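Order of the sequence lines sets the chain letters (A, B, ...), proteins ahead of strands, with each chain counted from 1. Since the model is a prediction, treat every value here as computed from it, not as a measurement. Only heavy atoms go into these numbers, but all of them, side chains included; no hydrogens, no water, no symmetry mates.
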Amino acid sequence: MLVVSCFKTKGFLRIKPFNIQTPLLFCSSTTFPAISKESNPVSFLQPNRTTLFRQLKQRPTLSQLKETHAQIITQAFSQDISFVGSLIRSYTSSNDLGYARVLFNRYPFTSPPTLLWNLMIQAYSKTLNSQESLHLFRRMLSLDGPIVPVPDSYTFTFVITSCSHQPSAVEGQNTHGRVIKSGFESDLFVGNSLVNMYSAFMKMEDAQKVFNEMPQRDVFTWTSLVSGYAKSGEMGAASELFARMPERNDVSWAAMIAGFVGGAKYNEALKYFHDMLFDAKMKPNEAVLVSVLSACAHLGALDQGKWIHVYIDKTGVPQSSNISTALIDMYAKCGRIDCANQVFSGISKRDVLTWTSMISGLSIHGLGKVALRMFSQMLGEGIRPNNITLLGVLNGCSHSGLIDEGCKIFYSMESLWGIAPTIEHYGCLVDLLGRAGQLERAFKIARDMPMNPDIVIWRALLSACRIHGNASLGEQIIDYISKMDPIGHGGGHVLLSNLYSSLGQWERVDRMRKLMSEIRSDYNPGCSWIENVDRDTSEVGGSFEKGKCRRWIYSQH
DNA sequence: ATCAGAATTG
């Protein structure tokens, strides 16, 4: 039996369920929202079964849904199984898992049918808490009694999606076994989620095997496989598949372009973007644009970046936070901090990402003081920094010699924002102190920090030694490195070699080069990209037609 | 009711 209190205030009907120990549909002290004639004109007076069902079917907003829920309780329909099901469905589609879960747990008389298990499992698979989705699935399997819910192809599709969000592939592999036992192997959706799951873990032999054995495939199947190869850096395999795909859409293109960017094949990324534009039916989506802007940023390809900016404005792509972030980053890395700032100023609602890209941009331009000012402005607007924001700020301090400020931020980041320094933050600190000439202190920090120093740290330290002409500390550091890990660290030896040569001690350079070849270091010769700006063809808003593209000079030194 | 994609530091 249900108890609810109804009372009228200022013309509104308020309904509040009481908390009693009988198996309530709803056991919560929440006050339901007021029901007004305006917000619910039809059902205000006498809602019956049919009108209540109609209200639930019409994709209500969360507050409308709660009103309807309150009415169901007052009409004593709350033990009605079909109402419970509809309510759960509505709450999951409104992404209110709390209410949905309460209803699900208190499902009256029997265990919920498969459909409701599926809805709950699917809802959790979309959240960060996808573990819960697997818990539910395990509970579903462990039930026994006369009527038990049986997993169907929907269940497996959602469970496998949750598996692809787990830290390891074991859950996914187990579920795959269960799929085979239950005979859902040949289902298109189950197959697609399996290909996607194996691709997410970059287990491409397995993904390919599932793909090969599927009786039918669609764009999702192909795109999932392509993006798996792209993520694994196997762009040869990816482009081969991409060429063979019977049908492509914007996500397929995005997978290819992002794959090239991830593998530092920026020119290839731009080439695919060009091909995509050539296909009149294809419209680059946000993911494509963000990836291509990143490619421009890495190449220093300002003109192409500008072209994409104009394209975004002209074609009315909604200027999202991601797009703004990518534009700011592109302009900053291409040396146009003024344009970056222009984009930043034009944003109506700034978030951590846009702030971070602006601050980092200022930092790499040596504008540490401005970066710091922006940082405090950001804090003033109540936006919490993340670890990358702090990296940007620390980087700005080290490039502008703001030692006290940098140290202060480093040593208070954990207490102020709950962000524990990672090895990258330590790298900034060592760099900061090293550049400032506090070499001993920097070395001590590298030695005593909670994690093993990596090559980036040693490089910062050794180049600081070089700048400040302190070869003996450099040697001391190298000794320390070789004691810790005698094999590897090729980069460190190269740096020591540079350190010596800058000091004119050539006999030692010789010794170091020998040592380097002995330890077979994975050192790659430095290289740089220089954009060959051809003014005739690079006007903003120009096209990417053949022959009009940039040429590149590749120089090695 | 169903499955695919992106960015921020050196």
Side-chain angles (χ1 to χ4, degrees), chain A residues 88-89 92-93 114-123 125-126 152-161 164 184 187-197 199-200 214 217-228 230-231 248-259 261-262 269 284-295 297 320-330 332-333 351-361 363-364 385-396 398-399 422-428 430-431 454-457 459-460 463:
Chain A
I88 292 177
R89 182 195 289 257
T92 52
S93 61
T114 301
L115 170 71
L116 293 184
W117 286 92
N118 290 352
L119 286 173
M120 291 306 298
I121 290 172
Q122 182 199 27
S125 79
K126 289 177 179 162
D152 59 11
S153 65
Y154 288 86
T155 323
F156 281 110
T157 305
F158 304 143
V159 169
I160 295 163
T161 301
S164 70
F184 287 109
D187 182 87
L188 176 64
F189 288 85
V190 173
N192 283 351
S193 49
L194 280 171
V195 173
N196 176 50
M197 185 272 294
S199 292
M214 282 171 72
R217 307 178 186 113
D218 65 5
V219 212
F220 285 75
T221 332
W222 285 87
T223 304
S224 297
L225 194 66
V226 164
S227 87
K231 203 182 290 172
R248 288 181 275 266
N249 61 20
D250 55 338
V251 182
S252 329
W253 285 95
M256 288 302 293
I257 293 172
V261 173
N285 60 20
E286 200 189 64
V288 169
L289 294 167
V290 169
S291 294
V292 174
L293 283 171
S294 166
S320 66
S321 155
N322 289 336
I323 292 275
S324 307
T325 305
L327 279 172
I328 292 167
D329 183 55
M330 181 277 294
K333 293 224 173 93
D351 61 7
V352 215
L353 271 76
T354 42
W355 278 105
T356 300
S357 59
M358 192 63 225
I359 290 171
S360 307
S363 297
I364 58 175
N386 61 26
N387 55 339
I388 295 162
T389 321
L390 293 172
L391 266 182
V393 177
L394 290 173
N395 202 249
S398 82
H399 283 268
T422 64
I423 192 153
E424 287 89 353
H425 297 103
Y426 275 100
C428 283
V430 168
D431 192 47
D454 63 357
I455 192 66
V456 180
I457 307 257
R459 196 187 295 149
S463 62

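In this structure, CG of A/Leu188 is placed 10 Å from C1' of B/dT2, rounded to the nearest angstrom. Rounded to an integer number of Å, the gap from A/Met120 CE to B/dT2 P is 16 Å. With rounding to whole Å, A/Ile121 atom CD1 is found 16 Å from B/dC3 atom C1'. Rounded to whole angstrom, the span from the CG atom of A/Leu194 across to the P atom of B/dC3 amounts to 14 Å. Separating the CG atom of A/Leu327 from the P atom of B/dT8 is a distance of 13 Å, rounded to the nearest angstrom. Atom CZ in A/Phe189 sits about 11 Å away from atom P in B/dA4, given to the nearest Å. Distance A/Glu424 CD to B/dT9 P: 12 Å, rounded to the nearest Å. Separating the CG atom of A/Leu390 from the C1' atom of B/dT8 is a distance of 12 Å, rounded to the nearest angstrom.
With sequence neighbours excluded, the residues that form a side-chain hydrogen bond (donor to acceptor under 3.5 Å, both in side chains) with A/Asp250 are A/Asn285.
Residues A/Asn192 and A/Ser224 form no side-chain contact, since every pair of their non-hydrogen atoms from C-beta on lies 4.5 Å or further apart. Contact of the A/Glu424 side chain with the A/Leu394 side chain is not registered, since no non-hydrogen atoms from C-beta on lie closer than 4.5 Å. The shortest side-chain heavy-atom distance between A/Trp117 and A/Thr155 does not fall under the 4.5 Å cut-off. Looking at A/Thr356 and A/Thr325, their side chains never come closer than 4.5 Å, going by heavy atoms from C-beta outward. Put simply, the side chain of A/Met214 reaches to within 4.5 Å of the side chain of A/Val195, judged on heavy atoms.
Contact annotation: side chain of A/Asn118 to base of B/dA1, donor-acceptor pair present below 3.5 Å. Between the side chain of A/Asn192 and the base of B/dA4, no donor-acceptor pair of N or O atoms lies under 3.5 Å.
Of the candidate nucleotides B/dT8, B/dA4, B/dT2, B/dA4 has the atom nearest to the side chain of A/Ser224. In this structure, of B/dA4, B/dA1, B/dT9, it is B/dA4 that holds the atom nearest to the side chain of A/Thr161. Relative to the side chain of A/Leu391, the nucleotides B/dC3, B/dT9, B/dA6 differ in distance, and B/dT9 lies closest. Here B/dA6 is the nucleotide among B/dA4, B/dA6, B/dA1 with the atom lying nearest to any side-chain atom of A/Ser291. In this structure, the nucleotide among B/dT2, B/dT9, B/dA4 sitting nearest to the side chain of A/Ile388 is B/dT9. Considering only the side chain of A/Ala258, B/dA6 comes nearest among B/dA4, B/dA6, B/dT9. Distances from the side chain of A/Thr157 to the nucleotides B/dA4, B/dT9, B/dT2 place B/dT2 closest. Listed candidates were B/dT8, B/dA1, B/dA4. Nearest to the side chain of A/Thr356 is B/dT8. Taking only side-chain atoms of A/Ser294, from C-beta outward, the nucleotide of B/dC3, B/dA6, B/dT8 with the closest atom is B/dT8. Comparing atom distances between the A/Thr223 side chain and each of B/dA4, B/dT9, B/dA6 picks out B/dA4 as nearest.
Residue A/Asp187 is classed as having no contact, given no heavy-atom separation below 4.0 Å to the nucleic acid. At a threshold of 4.0 angstrom between heavy atoms, the contacts of A/Asn322 include nucleobase atoms, whether or not backbone atoms are also involved. Residue A/Leu115 is in base contact, counting any heavy-atom pair closer than 4.0 Å across all strands shown. Within 4.0 Å of A/Glu286, counting heavy atoms only, lies at least one base atom of the nucleic acid.
You can call A/Phe220 stacked on the base of B/dC3; the centres are under 5.5 Å apart and the planes sit within 30°.
One finds a side-chain N or O of A/Lys333 lying less than 4.0 angstrom from the OP1 or OP2 phosphate oxygen of B/dT9.
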